[in-house]
Participant: 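Shown below is the structure under consideration.
Note: hydrogens, waters and symmetry copies are ignored here, and every other heavy atom, side chains too, is used. Within every chain, numbering begins at 1; the chains are lettered A, B, ... in the order of the sequence lines, protein sequences first and strands thereafter.
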Protein chains: 2
Amino acid sequence: MVTVNDNYLKLPGNYLFAEIAKRVKAYKASNPDADIISLGIGDVTRPLPKACIAAMTEAVQEMGEATTFKGYGPEQGYPFLLEAIRKHNYLDHGIDIAADEIFVSDGAKSDCGNIQEIFGQESRVAITDPVYPVYLDTNVMAGRTGDLQADGHFAGVTYLPCTEENNFAPPLPKEKVDIIYLCSPNNPTGTALSRAELTKWVAYARDNEAIILFDAAYQAFITEDDVPHSVYEIPGAKDVAIEFRSFSKTAGFTGTRCGYTVIPSSVKGRAADGRLVHLRSLWERRHTTKFNGTAYIVQRGAAAIFTPEGEKQVRANIAYYQENARTILAGLKKVGLTAYGGINAPYIWLKTPVASWDFFDRLLQEANIVGTPGAGFGPCGENYFRLTAFGDKERTKEAMERIATRLHV
Amino acid sequence: MVTVNDNYLKLPGNYLFAEIAKRVKAYKASNPDADIISLGIGDVTRPLPKACIAAMTEAVQEMGEATTFKGYGPEQGYPFLLEAIRKHNYLDHGIDIAADEIFVSDGAKSDCGNIQEIFGQESRVAITDPVYPVYLDTNVMAGRTGDLQADGHFAGVTYLPCTEENNFAPPLPKEKVDIIYLCSPNNPTGTALSRAELTKWVAYARDNEAIILFDAAYQAFITEDDVPHSVYEIPGAKDVAIEFRSFSKTAGFTGTRCGYTVIPSSVKGRAADGRLVHLRSLWERRHTTKFNGTAYIVQRGAAAIFTPEGEKQVRANIAYYQENARTILAGLKKVGLTAYGGINAPYIWLKTPVASWDFFDRLLQEANIVGTPGAGFGPCGENYFRLTAFGDKERTKEAMERIATRLHV
């Protein structure tokens, strides 16, 4: 009989958001009039910038006329978008990336999930704890790990604990690792790696012939000068790092789907016979074989982000969320709760006086607010709780008032 | 040092369309005034149906207003599209498929490429020769094959030769296989499996506990009653078949990107410990972990295909291409060339009097027409040549006139 990929069976069910939904549903059933504010899911709420709407409206019309209709585009993305990304996100910041080192996709989640395919099965993977689950789950599915252990960690994976003690900056691993996932600004902790911290990692990768998979999906939220927007700001990174970026949180593309991956042609890995292989070529082979390009309409929308009006509108949206982050940080401080993040990221990582899930229940029952228990992102997330700044401004303020007046901390 | 996935290195470069482009470029350089007609790439040319344009225009506007903005949608697709697919493509044809057995994606290429991930590494794969390269290449990348042999076949794969002698209907394999890729109507041969042929395959899969991966991307072009549009028209298929469908060739979505995969909950595979596992659950895990849904705007466009106006407009587009297919078939017959396909598919599979690539050169030089050499789709494609019906009507007619007057066959 046909066999299945047994590695999939190592994964526990995706309980986090399902469990949240279940508890919220139960609470609503008993309290039908409760006015619940969600600061839980990391999804944007502001509409797309008008510049994107105008560009996509025009692109839709193009698709309706034979003379301007677009069929298959280049799998790597249209040159108009590749060039816009190259100029505005790299060249203008002093980083020399070629257009053919950029691969446009339907989002950073796909790319972060698929990238592991181009690496050898025996490569040792390092992830932070807590972590965005996609990095881990896709390596489990690929058979690059052992089984889930009693401590909540998978065997064969190097976990880098990020805690209050190390200011949520992952420590260098004790054993040699080959693939390092770094997300900065970080989901879920909302903290970001400083230039010095990231320099340490680039040095590690160079010294150990490892690869950094750098997820910069939240770079638009950076406010501090000392925090790099791109891994390529660090000298030497172009030999050892792959970068993922997204328009989801930058410009509200969570439901429109567009992101990209940068693989400099200088990044290499070793084949079994010892020769060096360009990772860029392997990714291109994957991208052209298993993907057929992002919708033309969507790419037109994404390119509009880089127009003067687009940039202005994007900055306004980011500022709106950043104000929410300040509201949340101030609100938590007021009631004596310790919180991290929120300065360079849309996430606030709050230290809970009780276990994550108990805090979830109390926040829901006492203040009718939904957030995300830190334990859902890994064992080191226990006693933490994630709140997001992606909500409505007035509702976010109200949530903080409720925390001040209704929550017993 | 980080190692690479060595299986990628087994793949020869993707030479087919690159080689075509190279030869066309060289010809153009020497003959700058040549008026070249392309009947080569399988890409549509008709604009999107007006119903899709209207729906997408509206959806774009929704994305620009806070009250109607859409962030993350369900990874599996919006219920409005799942229900439309279910009703119009299955229930109305007497096939009972549940909405949660349908997974909307960014196209059949992605799904056909990714589906192999959920199967065990040791599963034996059967593909036709000639074949759509995605089925083969993705299994090579996954390490489910040996090396490329001198005969043009990869070791460890079962090839099912489709030739004039068997009327391009793949023969049952001599050895036991686990995963069978069937594409009907077929790319590249343009032929289609009859009900009797497909029934034979479903019986094989049931008897041998194998899975059929049925690519129905071209089903909208079927004109003969005896050719199933869905594998599920065959009794018993719901236990052993996964179906891929696309809006690309149906409604011109090649540059808009939307397709879907159907996995009935009755389709199962075996885990290493012997227990039966629902393939639907494994695919759902993959889909929700490595994909974040198709753009809302695109899904609104796809749903419009199922409105009365949308259906009428889609039928008109298909009829336009079908007329091209008749033009090509008649044109080839007139000059005494033997051709297959074109009745239930947008592809014509022409028997070449010389080797595929020699015919390519003659057609380019003598008639200024570009097509695709059959040898590019597998060794059994040698001495065949693919022409597509996706061109402009007048240009297709002119191509046939050139073949009649300028080609020396």
Side-chain angles (χ1 to χ4, degrees), chain A residues 1-6 8-9 11 14 43-48 50 53 56-57 60 63-66 69-73 106-107 109-110 113-114 117-120 122-123 134 137-138 178-179 209-211 254-257 269-272 277 282 285 288-292 295-298, chain B residues 1-6 8-9 11 14 43-48 50 53 56-57 60 63-66 69-73 106-107 109-110 113-114 117-120 122-123 134 137-138 178-179 209-211 254-257 269-272 277 282 285 288-292 295-298:
Chain A
M1 189 177 201
V2 71
T3 58
V4 303
N5 179 346
D6 268 272
Y8 274 59
L9 309 179
L11 288 168
N14 196 353
D43 194 5
V44 296
T45 54
R46 305 290 302 157
L48 292 185
K50 293 294 175 202
I53 298 296
M56 290 200 290
T57 301
V60 169
M63 297 299 281
E65 302 297 330
F69 174 77
K70 299 283 184 300
Y72 291 123
D106 67 327
K109 181 180 177 188
S110 308
N114 293 326
E117 278 184 38
I118 66 171
F119 295 106
E122 67 286 2
S123 299
V134 169
D137 291 0
T138 56
D178 304 304
I179 302 171
E209 299 189 318
I211 297 292
T254 54
T256 303
R257 311 304 313 138
R270 206 171 284 281
V277 177
L282 298 185
R285 192 54 154 105
T288 54
T289 303
K290 299 193 186 181
F291 182 64
N292 232 337
Y296 171 73
I297 298 164
V298 171
Chain B
M1 186 178 204
V2 70
T3 58
V4 303
N5 178 346
D6 268 274
Y8 274 59
L9 310 180
L11 288 168
N14 197 353
D43 194 4
V44 295
T45 54
R46 305 290 299 158
L48 291 185
K50 294 293 175 203
I53 298 297
M56 291 200 289
T57 301
V60 169
M63 297 299 282
E65 302 297 331
F69 173 77
K70 299 282 183 303
Y72 291 123
D106 69 326
K109 183 181 176 187
S110 308
N114 293 326
E117 278 183 37
I118 66 171
F119 295 106
E122 67 287 2
S123 298
V134 170
D137 291 0
T138 56
D178 303 303
I179 302 171
E209 297 187 319
I211 296 291
T254 54
T256 304
R257 313 303 314 140
R270 205 171 285 280
V277 178
L282 298 185
R285 192 55 156 105
T288 54
T289 302
K290 300 193 187 180
F291 183 66
N292 232 338
Y296 171 74
I297 298 163
V298 171

Participant: Any salt bridge linking A/E65 with B/R46? Criterion: basic side-chain nitrogen under 4.0 Å from a carboxylate oxygen.
Facilitator: no
Participant: So which atom in A/D137 and which in B/R285 form the shortest heavy-atom distance, rounded to 0.1 Å?
Facilitator: OD2-NH1, 3.4 Å
Participant: First locate atom CD1 of B/I211, then atom CE of A/M1, and finally report the distance between them rounded to the nearest 0.5 Å.
Facilitator: 6.5 Å
Participant: Quick check against the 3.5 Å criterion: does A/K290 have a side-chain atom that pairs as donor or acceptor with the backbone of B/N114?
Facilitator: no
Participant: For A/K50, is it the side chain, the backbone, both or neither that has a heavy atom under 4.5 Å from a heavy atom of chain B?
Facilitator: side chain
Participant: Name the region of B/V44, side chain, backbone, both or neither, that has any atom closer than 4.5 Å to a heavy atom of chain A.
Facilitator: both
Participant: What residue, out of A/V134, A/V277, A/I118, has the most heavy-atom pairs lying under 4.5 Å from chain B?
Facilitator: A/I118
Participant: Which atoms of A/F119 come close to chain B, meaning under 4.5 Å heavy atom to heavy atom: side chain ones, backbone ones, both, or neither?
Facilitator: both
Participant: What residue, out of B/G64, B/G113, B/A66, has the most heavy-atom pairs lying under 4.5 Å from chain A?
Facilitator: B/G64
Participant: If we ignore hydrogens and angles and just use 3.5 Å, is the side chain of A/N292 paired with the main-chain N or O of B/K109 as donor and acceptor?
Facilitator: no
Participant: Below 4.5 Å, heavy-atom pairs only: which of A/V298, A/L282, A/I179, A/I297 has the largest tally toward chain B?
Facilitator: A/L282
Participant: Looking at A/V4, A/D178, A/V60, A/L48, which has the largest count of heavy-atom pairs under 4.5 Å with chain B?
Facilitator: A/V4
Participant: Mind ranking A/A210, A/G71, A/A272, A/G269 by heavy-atom pairs under 4.5 Å with chain B and telling me who comes out on top?
Facilitator: A/G71
Participant: Atom CD in A/E117, atom CG in B/N5: separation rounded to 0.5 Å?
Facilitator: 8.0 Å
Participant: Looking at every non-hydrogen atom in both residues, tell me the closest pair between A/S110 and B/F291 and how far apart they are.
Facilitator: OG-CA, 4.2 Å
Participant: Where does B/T57 contact chain A at under 4.5 Å (heavy atoms): side chain, backbone, both or neither?
Facilitator: both
Participant: Between B/D43 and chain A, with a heavy-atom cut-off of 4.5 Å, which part of the residue counts as in contact: side chain, backbone, both or neither?
Facilitator: both
Participant: Relative to chain A, which segment of B/Y72 carries a heavy atom at a distance below 4.5 Å: side chain, backbone, both, or neither?
Facilitator: both
Participant: Given a strict heavy-atom distance threshold of 4.5 Å, which part of B/L9 is in contact with chain A: side chain, backbone, both, or neither?
Facilitator: side chain
